[in-house]
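Beneath this line is the structure, given in structure tokens, with notes to follow.
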Amino acid sequence: MNPARPGPAVTTKPKLSAKAERFTESVIREMTRLALKYGAVNLSQGFPDFPAPAEIKEAAKQAIDADLNQYAITWGAKRFRDAIAQKFERTQGVAVDPEREITVCCGSTEAMMSSMMAIINPGDEVVVFEPFYENYGPDAILSGATPRFVKLRAPDWTFDPDELAAAFGPATKAIILNTPNNPTGKVFERAEFECIRDLCVRWNAFAITDEIYEHMLYDGARHISLASVEGMRERTITINALSKTYSVTGWRVGWAIAPPDVTSAIRKVHDFLTVGAAAPLQEAGAVAMHFSEEYYATLAREYAARRDRLMGILTGAGFRCFKPRGAYYIMTDISAFGFPDDVSFARYLVKDIGVAAVPGSSFYQDPADGSTHLRFTFCKTEKTFQAAAERLAKLKF
Ligand code: GLN
């Protein structure tokens, strides 16, 4: 018998990975594509449509010209890691060792995924506040964790401590949170962190905290890094990036800060996933991390004005807005428009009105929970706001 001769096709073997079948394409990224297709004003995906600071661009150009064009050290260029450690200590009072506690990754997206893959074992659970940034769902699936969701409830997006306590148990490996929060604009308070800390200590769990919007704060809100809360330093993985703070979302440079043993696992995962983030852009990052306090104050002030501008437009167009205290999104309630759900309304908005937003259901496990919400971003120029205002004025409510 010829072993190479084709027999009947084996049909029982699934063609694709069961994990990859368990989640859909990112709705946020899809909305950007629909915005391009229909020529809509894009208030969906959170990326600035204004220029990055001249200094960071100049530093990147200089690094390329100086031929820093080969691989950096896999876990990050030393100058950049040193600058990240200095800034973390300067702004949050947390001293970390750049040699053993920082991993530079391809954006916070990879930092989050590498961190999850570094700590998750089969059977592990992760507690996730909901609504959540949509990546955390696939992050859990791909790393093999079972998510346990705990609601942040409108209008102020607080959680019920008993509900949180009930979500923790012996299988809890970590809690994932994002402060300032996407999509709600919530900024976690110290008392909330102490509640989270007590549960993490009790159940010996990690916290993975995504702090990418740390400098976008309004109305006197203060950002607290979870790692700075007593008892959390040794069990916290802090995720951040250049993307939002320096308006360079396309550079894909982020990092994870974690205790040395955790960092060595993150570094191994990271190395085999991506080898490293773009070397010249890390050099530019090192320059940016030394920007003066004035840079961050101006950033927050300008974002506050953009928030107020978009709040005005949306409220005038009939949306009920949940005023954010941080980050650069406005979560809205769309009940007044009488559409059956968020997805049909988002499609109508992008196709017929010409404004793209993100359906609330992409931030919830059960789409029904987000069906009265739509998220708009305000990291945009006045020209974009003006165009959005003109189009939204056509909405009937
Ligand atoms: N964080 C941004 C958002 O929520 C976009 C992130 C992304 O698409 N990678 O819109």
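By convention here, the first residue in the shown sequence is residue 1. Whatever order the structure lists them in is the order used to number ligands and atoms, beginning at 1.
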Ring-face cation contact, Tyr295 with Lys87, 6.0 Å cut, 45° max | no

Just jot down the salt bridge (Lys or Arg N to Asp or Glu O under 4.0 Å) partners of Glu302, sequence neighbours excluded, or say none.
-> Arg306

Under 30°, 30 to 60°, or over 60°: which ring-plane class applies to Tyr328 and Phe378, parallel, tilted or perpendicular?
-> perpendicular

At a heavy-atom distance under 4.0 Å, which protein residues reach ligand 1? Sort them by chain and number, would you?
-> Ile28, Arg29, Gln45, Gly46, Tyr133, Asn182, Tyr213, Lys244, Tyr329, Arg375

Identify the two heavy atoms, one from Leu273 and one from Ser114, that lie closest to each other, and give their separation to 0.1 Å.
-> CD1-OG, 3.6 Å

Under the side chain to side chain contact (heavy atoms under 4.5 Å, CB included) rule, what do Phe47 and Lys380 come out as? Steps first, then yes or no, please.
-> CA-CA 8 Å; Phe47 63 86; Lys380 303 294 170 187; 4.0 Å; yes

Check the pair Ser26, Glu134 against side chain to side chain donor-acceptor pair (under 3.5 Å), reporting the backbone distance first and the verdict last.
-> CA-CA 7 Å; Ser26 155; Glu134 62 170 9; 2.3 Å; yes

